[in-house]
Each structure stands twice: as structure tokens, then as C-alpha cells.
Trainee: 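A single structure is presented below for examination.
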Amino acid sequence: MQRHTQAIWNDDDSEGYEPLLSERNLETVEVDDTDLPDHLTRDSLKLPELSEPELARHYTRLSQMNYGIDSGPYPLGSCTMKYNPKFTEDIASLPSAAVHPDRDEASVQGTLQIYHELQDYLARIGGMDAVTLQPPAGAAGEFAGILIAQAYHEDNGEGEQRSEVIVPTSAHGTNFASAALAGYDVVELPEDDDGRVDLEALSAAAGDSTAALMLTNPNTLGLFERNIEEIATIVHDAGGLMYYDGANLNALLGRARPGDMGFDIMHYNVHKTFATPHGGGGPGAGPVGVSEQLESFLPNPQVRERDGEYELFEPERSIGKVHGAMGNWLVLLKAHAYISRLGGDGLRDASAKAVLNANYLASQIDLKIPFEPFHHEFVASAGDRDAADFAKRMLDYGVHPPTTKWPENVPEALMTEPTEAESKTSLDQLAEAFGAVAADEPSALEDAPKATSAKRIDQTSAAREPQLSWHQLESR
Amino acid sequence: MNFQIPDELQYAASHEWVDRRDEVVRIGITDFAQDELGDIVFVELPAEGDTVDRDEAFGLVESIKAISDVYAPVAGTVVEINTAVREQPELINEHPFEDGWLIELEPTGEFDHLLEPAEYRAQL
Amino acid sequence: MNGNTTLTTRETTDEKQTGTPFAPQTDEDVAAMLEAIGVSDVDELFDIPDAVRFDESFDIDAGSEQTVVRELTETLERNDAPIEFLGRGHYAHHVPSLVDHISLRSEFITSYTQYQPEITQGFLQVLFEYQSLLVELTGLEIANCSMYDAATALGEAATLADRVRETTGDRILVPDYIRAERRDVLENYVAGADLVVEELPADDGVTTPEILEEAIDDDVVMTYLESPTTDGVLEEHLEEIGEIVSAHDGMFCLGTDPVALALLRSPADVGVDVVVGDASVLGMGPSYGMGLGLFACREAYLRQVPGRLVGASRDDDGNRAFTLTLQTREQHIRRERATSNICTNQAWVALRAAIHAASLGPSGLVSLAKRCHRLAEQTASRLEEIEGVSAPVRDRHHFREFRARVDDANAVATAIEANGFAIHVVDEETVQICVSDRNEHRIDELVDAFTEVVN
């Protein structure tokens, strides 16, 4: 089996690996020779000073110590690590895309047109009536969406009364945190034995104080919430709104739309569904779609078209802003490029192949998968193995492991999402890695990884004695 | 798993132990609780003089991957906290019933509801 | 393919493309996979009730790579291309070529958050170096590895202030020069905690201790100022202000940026508790406001910090290694009690900022910062010489930008724009001009344009 290898560089001073820039050459520069009063300026600044060739090599070596989608399979469940088409970077690098946010509307018609088109594409894809592109990430989208729900209830004179947001136990942690940030009490909703929303529990939880239900569909087990119409009826009858977490929208493109399922608000994760690169943690974008009755609450500003000209406007009852400008413009531009490249049929095909890949991979793995039928991802159980150890051992077989230990309704969960971008050959490689780890001695898992340049990293001491800068490394 | 459950202590269903001393009760988390959490990296404790109600969260224990509130098995006033576990949270993992104790309370309420060792063992 | 009505195989030519070009399965693969699964059609894998099935088309056309690049390039060409003399909280400097070449390496840009640190040491180390850069610049002990932008970082600072404060209080003070957008975002972040945002007036663009004394009481949870301010002015009394804020048990939050910090006195030195701002002034060209939320704070708040933190540790071989740490603060563990809802952040922008800063080095950073100060004051003086222009409006120290007074700001800006330059209109009689290494070579022409337009 092909193993992922990393560049290892040793020198006597560096204790292995690539030294920190600060360990190469730290220089102190005096700050003088300004006409500013002394009490406003610093005396000196101490930072690394290296030449461009040295820096190029430093960062290139570091890149070789990093695993990306282009390095190999990356089946992180819920994260949707699909291939990022290169041409979108070329478009995002165009000088004409480099505009300041305070430019006159008339002088950035191209940018506004792209915003307008993307608003429209996303509305069609989600079955929504209007879309804002402002939230800079999925969690920011959740926050914006919940603020919209809040504004709607306030507008109905029910702002005080509706103080709760219902969230299923297996939902993303962001759902809980976003609702709490908006000031809501979070009511946790247990799943039924089938891994889906428990209708009785929902009926009991939903009432006069319900502001919204936040739901992922397919849920984090990959299961479609079959009772979605009843769920929506229960929530709507109680006077609450339905919020769709778009983390798993990539499973349904062209086959089902949140708007048709009864959702009033949704967010889209463009790095998951529309292949914008995740960039080692971000930037993403978390556009939010709403039904017609909520359109006037959208963040300020929105983009509209009049006679071929595009302009910004503030929706009548806008919640205000969730980002200092218009969100992550260059990410949105890449998402537009991806959607334009695939078209409606291509998007539908991407979902079909994502679901095909997940089901095929599952069929090749000899681990228990308690919940079916899943779509674009499945949650296998490592059984009597520790899922985190299982994952570390998978690194030794040259692949990125699944998401581990979540959701909690599967013991020792291995949440696996291969995406449409893996070939049958690489799915077979992944299955082989699962099989090899399952067959390994327990000690091999506990000692893993062995084939990576960094071995198992001590998380405990990292948290007990945090060293968060080169300054702290030096002093402790 | 064979968890220590010392006979001389009483327990709460939420995995705290209570050591009834003369004037005060000493409180910590059980061997089972520390094992569930894994390596403990951080502890948050109340201030001396704080009052806590029965079943009220008085502190927080964090491992790398989880956090857990610690609940007061009995009501009372905090008279002493174990500052050593703030510096060395691993004491809780290593000696949950001895050096890893958390607080001492001057109790103001009942004890009848506490679990005896056998009862606590039965619920694990 | 028998019975397969919904899967589309990748075509070799774009004209025939109807499926996604970014899925590699061949016809034979698909057949074998369906057989292994035990279904005859991929439709059978979808467990969607008929009532909510979508059977229509999105009506979005596909395009070849060439077509999409051409179309989007054409659309973007509808953007005018003036030389931007724009700032007001959103700044850009010349980005060294190294930044693009390194940051676009796919090992970096196509990686996920570093949940498996053993195979993501490279990105973790860059983020650690980014954190260290901010620690040096701010003098504060802790910097996280990014928030979304300056506005959301400010919102996070306010919720942090509310969490760590031991006594009650519900007031947040912000300067009247703050961008309205930042204030709007802040208001949304603090509404859930029932905090009220109030404005502090400024004295000719600067906040004085007297102004603050007038406004502050023990209910003030956080006081926020900027330096440089949105008007381009440097605050002059931060140390006294820090003392006043501290005397009322409040948090002192300063908005600034890493280039300005290379010149300015370290915020920690003047009593600042939290520094926020937009760090994408390094690493990114103008990006329509896509930013990099800088967030640094005192070590005392360590367990309450929002966002991701990279720490140093050891691996099993005893070698130094990096890892995300203190994750129990975050939403995926602490859920509704998390220190923030942030998950996806701006890590790649932080990587770019770190590379840019390293390229400049301390000497380059300091010299860029000096230039930003000097250019602003020199350009203001040159405009002052023009009859009908008064600049700078504020008799203060400036950084990167300044205000100028004219008779009719809109008319002047429009005429200036016709000459190929974009400047801010602040009000009917005021424009604002931002100068830096990016537009320095066009300042002569801008001054000429002013001369022509105003006279």
C-alpha cells in the first residue's frame, strides 16, 4: 500500500523537523527616526529576518508536512472534503476581482452581478425565495439565520415569549453555540432508536416558547429525516420556524430541496457543497436562504437588479450585519465558478456519486454500521477499539481517517464521507486501510501512527501547560 | 472495569464522593468519573465563602476532549478548596479520593439522599 | 449501463459534459460499485419520501472550464479599475509574489482543520508562527489563529468581556468614529447577552481621558477604541484611558492592524486587554472586505478565548510537535456553553499574512509602517497647498489616511473618479484619502487631479 510520506529535515539545533522562523534568525529592529511623539511609538520590534530563498524553502518544507485533498483520500465525515477545482483560483486571482468594499456600486457592477447571480443560483438549489451571501462561514450563517427567526418573532410581538431553540442531540456543536450566542435557551431533542427525530419528543418540546427547530437533513448519521413533513407541521403549528443546517446539502442536490421540505431558513456551506477549498480551517462562506415571509429581515445590504444595473439596498426590517462587509467575496466567487462549471445536472450528478461512493465504501468495510439507509456518509463503529486510536492507525496506511467519536449515538464512531471525488481505486484503498486496522493488534493502534513524520502528539501536556507562541516556548 | 469505591465514603449519582468529617465534608469526583473523562487538564473551583445548593454545579473539570460540571452532593458553604489540583490536575486522575479532592464544605443540608458504596456500585 | 438512468459518466470533451467533471468513476466502476452494493440503480440509494422529492431542473447551465473562466472574467471586467485611495478600516499593501506561490500549494489550501496533527504539522507550524507574530506586535500573551474579520473579532471581544467580568454591567463603549458596519455587527453579537452599545464622542478625532471619565461607570463592561482610527488618526491618550477603564473593572479593547503595530507602542504596554482588527492588511489585496479577524488578549483570559489555538507539545519520539489545543472551549465539545460558535475560520488568510510578514521581516514591517505615516502626512500637506482644499481636517497624527475638506465632496469625488482615482466621500464637505505602498506611485497624479478638479 502506498504510504504518505512527509519531508523530514533534521539539524542539530532544531530537535527535528523544520525549525521555527524564530529559531533561524530573530532580529531586533529599533524604531526611531519618526516625527511621532515617543509615547506613541514602540522602541523596537523583534521578529524573524530571512531572505526570500530561505523563506521559500521553509514554507515549501512545511507544505510537505501537510496532508491535503490532493495528497490522498480525506473521508472526514460531515466535513465534505471534495476536490477543489483549480480554475476557480485563477478567477479569484483576477485583478478585476480585487476591489475595495467602499467602492461605488456603479463601479463594481461585475462583483454585484456575481453576487446577484449566486443569490439566485442558491435560491434555486435550496428552494428558497431569497438568499444573503454575507455570513462568512457556516456557523455565521446559523447565527444570521437565528437572528432572522428572532426578528420575525419580535415583529409578531412574540420575541420575549419564544425563548427556546430546539436542537437534536446529534446536531453539529455550532447549532447549540449559535443559538446560545443569539441569547436562546437550547432545548436538546433526543433521537429515536432509528437515529432520527423522535416525533413524540418533538411534540412535547415544541410549544409557545419555541423560536425554531434546527435540523440537519440528511442528519449526521447520513439518514434522511423521513418524517420531515410531520416535523415541519409540528414546529409550524407551535408557531416556530424550521431551520435547515446545510452541512449535508451535498447529499441531496437536485433530488430534494429544503424549501420543499418545509424549512423557512437555511444556510449553505460553500466549501462542503460547492467545492471551495477549506484552506486548513477557512475561509468558508455560509450564505443563508429564507422563505418569502422572512425576506425583509435579511442582513444589510442585499443586491438587486434594475434594468441590467445592480445595486445594494437595505431590506425593510433587516437584522443588520453579521460581517463587516459583504462576507468572504473571493470564496463566493469560487462557489459561483463551481456551480457555473457543473450546472444543474452536474450538481445532481455530484450528489449521486457522493452517495454511490459512500454506499460502495460501506459495502467494502467489515465494521458495524448501526444506522441505515445512509446517503453521502455513514457512521461505522470501531467496536471494541478506540475510534481515535483506530484513526491514528489509519494514518499509517497512507490515508486521512474519518471523523471520530461523533455522533455519540454510535459507539466509537467513525463518521465516514468519501465524497464523489474518490475513484473506485482509492475507495478500495480506503477500505483496505479500514480492514488492515481492524485486523491489527490493539497495541499497533495504541502506538500509532508510526509512518508519519510526527508520531502521536501528546495532547494532555499541550493543554496542561499551553505554549502558544515562540515567546512561551523560549520562556518555559 | 474495576473502579475503586472506598467503603468509608458516600456518593452522588452524578459521580461525586463525600467524606463526612467532623465539621466539614470533603468532596471530589470518583475513580469512575476521572476514568470516563481521561487525562484531566484543567479544574475550575469556587471561591472560599461561596455557598452552594445541593445539586448545584460548583466547579468544572476538563479533559482534552470533554468537560464535566461537578455538582454539590450536599448544600453548604465552601470553606476550603484544593489549590493543588489547579496546578496539577493530574492529581485527580492519579488519586481521586486522596490528593485529588476538590473542595470542603460546611454543610447546611441533609445527607439522607447520598448513596452508600454498594448503591453507587450498582448504578455503574 | 443497464437500468442506470441517473448517473452520468465523465465525458472527455466539455461539449458532452452533463455530469460533474470532478468525479472519476468510469461506467465500469459504477456498474461494479452498484453490484457490490446490491442495487441496480443509484436512485435506490436515496431514501427520500415522494412528497418532498424534487423532480425539476435548477435551470443552471453547465460550462466548460474555458467558458466559465471567460464568462466570469468578462463579468468581472464590468468592474471599473480606478486606482484606489480607499481605506477606512479596509487596507491592502503590496503582497509579495511568494505569498501566492506558497499559499496556493495544494497541501496547504486543500487541507482541512488540523484534527489529525500528525499529518498537518506544516499548517500548524505556520499558524503557530502567525500567533507568535501577533504576540510580538501586541505584547499580549495569547493570539488565536483567526476570527472572520475585524467586526466579528470585536463582537467576540465583547462577549469575552461579558464572560470574564465578575461584577454585573451591561454597557459597551465604542468611539463615534467606528465604522457603522462594525458597530452593527457588534450590536448583533452582544444582543443575546443583553448588552447595550453606546458611543463616545471624540475631540477632533481623538478620545481624551476627560471624554471617557464623563461616560464611564462601573456598568461599563468593555471600552473599545481604535488606533489608527477609521479616520486615519492615531489615538494619543491610550495609557491614561487604560488606567481609567481598569479602575472601573472594565476590559480595554483596541482595534488596530499588524502594520500599524510595527510602529505603534505595544498595546499591552498601555493597558490594553484585548486587541482586535483586520490582519489581512498583510497577505491579501483588496478583497471586497474579506478579512482576517485579529484576536489577541491577556493570558488571564486563556480559558475563555474564542477560536482555535495552536500549541507546542511533544510527539511519542520526544520531538517538538504542534497541535490544536484547549479545544474544550470550542463548540464541538462545549456546545451551547462554548466561548464562541466559530468553527470554520480564516486560517488560510492567516497563513498568507504570516508569509507576508515573514517576507517583510522586522525591518520591512517597520519601514512600511513609517511609510504609511509619512505618506499620509506628506500627501495631506500637498493637498493643503491647493486652494479650495483643507487637509488634514484633523490636527492630529495620521496613519495611511486623512480627511480633506472641500466645497462639494460628491462633485470632487466624481470628478476625481473620472481621472481614474477612487476616494471616500465622508460627508457633503469631506473626503478621505488613503495612501500606501500600493498607490504611492500615483500620488502626484492624484494631487494634479485635485488641483484641476477643485479649481
Side-chain angles (χ1 to χ4, degrees), chain A residues 16 29 45 47 49 59 62-63 65-70 96 98 100-101 107 109-110 124 136-137 139 173 176-178 180 182-183 186 224 277 279-284 320-321 324-325 328-329 340 343-346 349-350 353 359-360 373 420 423-424 452 454-457 462 467 469-470, chain C residues 8 18-20 22-24 29 33 37 47 52 58 60 62 65 68 76 78-80 86 102 105-107 109-111 113 118-119 121-123 132 135 148-149 151 184 192 285-286 288-290 311-313 315-316 319 321 323 325 331-332 335-336 338 341 343-348 361-362:
Chain A
V29 171
L45 185 66
L47 286 170
E49 184 87 62
Y59 291 116
L62 290 180
S63 77
M65 293 162 62
N66 216 62
Y67 188 98
I69 297 168
D70 292 352
S96 51
H100 188 282
S107 85
Q109 285 294 299
R124 287 191 229 179
F176 300 85
S178 299
V186 177
F224 194 90
K321 292 191 69 72
N328 280 333
W329 150 239
S340 306
D345 291 344
D349 185 50
K353 289 200 172 117
N359 278 270
Y360 173 71
E420 68 274 18
S423 67
K424 178 172 176 295
T452 51
K455 305 303 182 289
R456 184 84 68 106
I457 294 166
Q467 300 182 99
S469 65
W470 59 53
Chain C
T8 316
T18 48
T20 171
F22 307 115
D29 290 340
M33 290 161 78
I37 298 165
D47 181 34
V52 295
F58 291 148
I60 301 172
E65 177 177 304
V68 175
L76 284 169
R78 293 193 62 192
N79 285 346
D80 297 340
L86 300 172
I102 295 292
R105 285 184 66 92
S106 69
E107 297 91 332
I109 194 168
T110 76
S111 65
T113 303
E118 291 83 1
I119 55 166
Q121 283 299 296
F123 215 121
S132 304
V135 165
Y148 307 127
D149 70 345
D184 280 359
Y288 208 45
M290 170 166 156
S313 184
D315 76 355
D316 267 356
N319 285 318
T323 180
T325 191
Q331 46 75 28
H332 61 285
R335 307 208 297 183
E336 69 270 24
N341 68 333
C343 181
T344 289
N345 55 21
Q346 304 283 113
W348 184 72

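Chain naming here is simple, since letters A, B, ... match the order of the sequence lines and numbering starts at 1 in each. All figures in this text were calculated on a predicted structure; none of them were measured in a lab.
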Trainee: So which heavy atom on C:Ser111 is nearest to which on A:Tyr67, and how close?
Mentor: CB-O, 3.3 Å
Trainee: Is it the side chain or the backbone of A:Ala350 that comes within 4.5 Å of chain C heavy atoms, both, or neither?
Mentor: both
Trainee: Can you list everything that forms a side-chain hydrogen bond (donor to acceptor under 3.5 Å, both in side chains) with A:Ser340? Sequence neighbours excluded, please.
Mentor: A:His336
Trainee: Between C:Gln331 and A:Phe176 (side chain of the first, backbone of the second, donor and acceptor by atom type, cut-off under 3.5 Å), is there such a pair?
Mentor: no
Trainee: Looking at C:Thr325, C:Thr113, C:Asp47, C:Thr344, which has the largest count of heavy-atom pairs under 4.5 Å with chain A?
Mentor: C:Asp47
Trainee: Between the side chains of A:Ser178 and C:Asn341, is a donor N or O closer than 3.5 angstrom to an acceptor N or O?
Mentor: yes
Trainee: Are any side-chain N or O atoms of C:Ser132 and backbone N or O atoms of A:Trp470, one a donor and one an acceptor, separated by less than 3.5 Å?
Mentor: yes
Trainee: Ignoring hydrogens and angles, tell me if any N or O in the side chain of C:Asp315 forms a donor-acceptor pair with the backbone of A:Ala454 under 3.5 Å.
Mentor: no
Trainee: Verify, without hydrogens or angle tests, whether C:Arg78 (side chain) and A:Gln109 (backbone) share a donor-acceptor contact under 3.5 angstrom.
Mentor: no
Trainee: Would you call A:Ile457 and C:Gln121 a side-chain contact if the rule is heavy atoms closer than 4.5 Å?
Mentor: yes
Trainee: Working to the nearest 0.5 angstrom, can you tell me the gap between A:Tyr59 OH and C:Ile102 CD1?
Mentor: 8.5 Å
Trainee: Judged by atom type as modelled, is there a donor-acceptor pair below 3.5 Å linking the side chain of C:Asp316 to the main-chain atoms of A:Lys455?
Mentor: no
Trainee: Heavy-atom cut-off 4.5 Å, strictly under: side chain, backbone, both or neither for C:Thr323 against chain A?
Mentor: side chain
Trainee: Just by modelled atom types, is the A:Ser96 backbone N or O under 3.5 Å from a matching donor or acceptor in the C:Asn79 side chain?
Mentor: yes
Trainee: So, taking the atom named CG in A:Asn66 and the one named CD1 in C:Ile109, what distance separates them when rounded to the nearest 0.5 Å?
Mentor: 12.0 Å
Trainee: Can you see which heavy atom on A:Ala139 is nearest to which on C:Cys343, and at what distance?
Mentor: CB-N, 4.4 Å
Trainee: Mind ranking A:Ala177, A:Gly183, A:Ala325 by heavy-atom pairs under 4.5 Å with chain C and telling me who comes out on top?
Mentor: A:Ala177
Trainee: Quick check: closest heavy atoms across A:Pro283 and C:Gln346, and the distance to 0.1 Å?
Mentor: CB-OE1, 3.4 Å
Trainee: According to side-chain hydrogen bond (donor to acceptor under 3.5 Å, both in side chains), who are the partners of C:Glu336, at least two apart in sequence or on a separate chain?
Mentor: none
Trainee: Please report the shortest heavy-atom distance between A:Glu420 and C:Pro24, naming the atom on each side.
Mentor: O-CD, 3.4 Å
Trainee: Within the distance-only criterion (no hydrogens, no angle test), does the side chain of C:Asp184 pair as donor or acceptor with the backbone N or O of A:Gly320 below 3.5 angstrom?
Mentor: no
Trainee: Which atoms of C:Ala312 are under 4.5 Å from chain A, going by heavy atoms: the side chain, the backbone, both sets, or neither?
Mentor: both
Trainee: Given 3.5 Å as the limit, does a donor-acceptor pair link the side chain of C:Asp149 with the main chain of A:Gly324, or not?
Mentor: yes
Trainee: Under a 4.5 Å cutoff for heavy-atom pairs, which residue among C:Ala151, C:Gly361, C:Ala347 has the most contacts with chain A?
Mentor: C:Ala347
Trainee: State, to 0.1 Å, how close C:Ile119 and A:Thr452 come at their nearest heavy-atom pair, and which atoms those are.
Mentor: CG2-CG2, 3.5 Å
Trainee: Where is the tightest heavy-atom contact between A:Gly280 and C:Phe123, given as atom of each residue plus distance?
Mentor: CA-CE1, 3.6 Å
Trainee: Just how far is it from atom CG of A:Asn359 to atom CE of C:Met33, taken to the nearest 0.5 Å?
Mentor: 9.5 Å
